[in-house]
Amino acid sequence: MTSPDHITLDVQHLTVRRASATIISGMVFTLAQGTALLVTGANGSGKTSLLRGLAGLLPVDQGTILINGRPAGEDPLTDKDDMIYIGHRDGLSSGLTAAENIRFWATCRGMNATPDQLTEAFDALGIVHLMASETRHLSEGQRKRVGLVRLALDHQLNRHRATQSLWLMDEPLTAIDSAAAALLARLINAHTAAGGSVVMTTHADIALDRARHLNLDTAARENSVHSLEVAS
Amino acid sequence: MIGAVLAIIRRDLTLSWRGLSDVIAGLSFFTMIIALVPLALGPDPASLALIAPAVLWIAALLATVPQMERLFAVDAAEGGIDHLLMTPHPLPLLVLGKAIAAWISIGLPLVLASPLMGMMLGLPTTAITTVMLALALGTLGLLLLGIAAAALVLGAKRGGVLMAILILPLAMPILIFGTAASAAAMTGDNAATALTLLAAITLMMLALAPPAAAISLRHAAE
């Protein structure tokens with residue numbers, strides 16, 4: 001077993017309800033630093049609820065979540081500082097250019113990116129040519145890629161930090177082409193190699209170096225308790 | 001922290017500048033209502049001046065309220081609220097940034113247009129500074145109220161109607177002291193009392209509206 005300070009996420013008996021329906025009940029898993037967790041499951045199996053619960057966007061009914069050994073919610077601002085949530089919707093403002101959107105997001109997180117660093121982050125997703133485009137003119141796949149540039153920028157600016165951020169991604173592979181998926185896989189591998197962790201929901205296959213799987217359908221069948229073996 | 005608030009103000013102002021038609025629409029609405037009054041009432045300066053403060057304030061109210069719904073609605077549709085919630089700074093402070101940006105793009109144009117509008121209604125030139133000050137304070141209070149209401153109606157159908165029902169009753173004190181200050185300035189009375197009360201209401205909104213909006217935003221994200 002790994003020591004507690006190498007555990008990014010420790011989820012114990014997690015129960016999440018949404019409008020009185022129990023979506024997740026009694027879930028147990030731990031995620032070691034430098035691992036990617038791929039959450040799969042049928043539509044409505046609670047993938048998004050799990051992610052939003054981890055992000056602190058959805059209240060947890062029962063159970064505990066430890067983020068880097070700290071109970072989630074005890075210090076919400078540090079929790080938010082420790083993770084990046086990329087939701088279903090990209091959170092990009094249609095009226096701003098792609099670069100403006102990413103720079104705004106970075107400034108809000110206290111990350112000061114130079115123009116070169118910004119270009120490099122866009123390059124990691126292969127979309128330097130879209131930087132000056134207004135987001136309203138982009139296709140859905142392009143917007144999705146722009147949204148993922150946040151992760152590239154985080155990796156680029158924070159990869160030497162002691163605590164690497166936890167990336168929470170809700171179906172990042174929808175709408176993006178196979179080339180973009182390969183770039184995302186490369187980015188995730190670089191992040192986990194640097195000691196960062198990832199939780200992502202997906203329907204598609206993605207080849208990752210240090211990946212664990214969590215299937216919410218089987219988790220539900222096994223009396224709603226799912227334990228996940230972790231390795232450092 | 002201040003960097004994030006400034007970034008929000010800058011972003012919202014950039015968006016307002018690019019969508020300038022919305023700002024112009026609000027301003028045109030304001031001037032249009034005021035321009036209609038002399039036509040309906042007749043050009044008698046005495047009767048116009050009598051109702052000038054009331055007309056200015058009702059026009060300001062009618063011109064700002066319809067613009068408030070989209071303060072959060074656009075961000076909500078694009079997923080921007082999640083990012084606001086995940087920003088590692090106190091949410092009420094970020095909301096305050098949005099309110100300040102909203103005041104600059106919605107309230108300030110009305111304040112700047114008010115001297116001209118006042119002249120159309122026969123407002124004495126000596127009263128114009130007080131009217132502008134009262135409008136500046138009042139519209140800031142209104143927009144703070146509006147930002148709390150906009151967060152509250154997120155996800156509601158026909159949010160616009162709901163917004164008006166929520167805001168208008170709560171805006172009454174602003175209307176009362178705003179018109180009182182303007183009327184006092186017109187007749188040459190001391191407007192300080194009404195202005196102080198107006199400032200007090202706006203300060204109260206400043207303290208209460210951002211945390212209230214933050215609670216509503218968190219709730220809407222669930």
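Every chain is numbered from 1 and lettered A, B, ... according to where its sequence line falls, protein lines coming before strand lines.
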Q12(A) atom CD: more than 12 heavy-atom contacts under 6.0 Å: yes

With the threshold set at 4.0 Å, does a side-chain nitrogen-carboxylate oxygen contact exist between R18(B) and E100(A)? yes

One option among D79(A), L58(A), L92(A), N101(A) has the most heavy-atom pairs under 4.5 Å with chain B, and it is L92(A)

Can you tell me if R89(A) uses its side chain to pair, donor with acceptor, with the backbone of A76(B) under 3.5 Å? yes

A quick test of your reading: do over 12 heavy atoms of other residues, nucleotides or ligands sit less than 6.0 Å from CZ of R70(B)? yes

Walk me through it: do H83(B) and R150(A) pass the test side-chain hydrogen bond (donor to acceptor under 3.5 Å, both in side chains)? CA-CA 11 Å; H83(B) 280 291; R150(A) 299 183 179 108; 3.3 Å; yes

Atom group of I8(B) that falls short of 4.5 Å from chain A, counting heavy atoms: both

Just by distance, do the side chain of E78(B) and the backbone of D90(A) share a donor-acceptor pair under 3.5 Å? no

Among G110(A), S94(A), G53(A), which residue has the highest count of heavy-atom pairs closer than 4.5 Å to chain B? S94(A)

Could you tell me which non-hydrogen atom of E222(B) sits nearest to which non-hydrogen atom of L57(A), and how far apart they are? CG-O, 3.7 Å

Enclosure of H219(B) NE2 (heavy-atom neighbours >12, cutoff 6.0 Å): no

If you compare all heavy atoms of C108(A) against all heavy atoms of T87(B), which two are closest, and at what distance to 0.1 Å? O-CG2, 3.3 Å

Contact class of A220(B) relative to chain A, heavy atoms under 4.5 angstrom: neither

Quick check on the interface: out of L91(B), L94(B), D82(B), T14(B), who has the most heavy-atom pairs with chain A under 4.5 Å? D82(B)

Could you state the interatomic distance from CZ (R11(B)) to CZ (F104(A)), rounded to the nearest 0.5 Å? 4.5 Å

Could you tell me which portion of R52(A) (side chain, backbone, both or neither) has an atom closer than 4.5 angstrom to a non-hydrogen atom of chain B? side chain

Beyond-backbone contact of T78(A) with P88(B), side-chain heavy atoms, under 4.5 angstrom: no

Please identify, among G95(A), G147(A), P76(A), the residue contributing the most non-hydrogen atom pairs under 4.5 Å to chain B. G95(A)

Spacing of CG belonging to L96(A) relative to CG belonging to L15(B), to within rounding of 0.5 Å: 4.5 Å

To the nearest 0.5 Å, what is the distance between CG on D81(A) and CE on M86(B)? 10.0 Å

Using non-hydrogen atoms and a 4.5 Å limit, figure out which bit of H89(B) sits close to chain A: side chain, backbone, both or neither. both

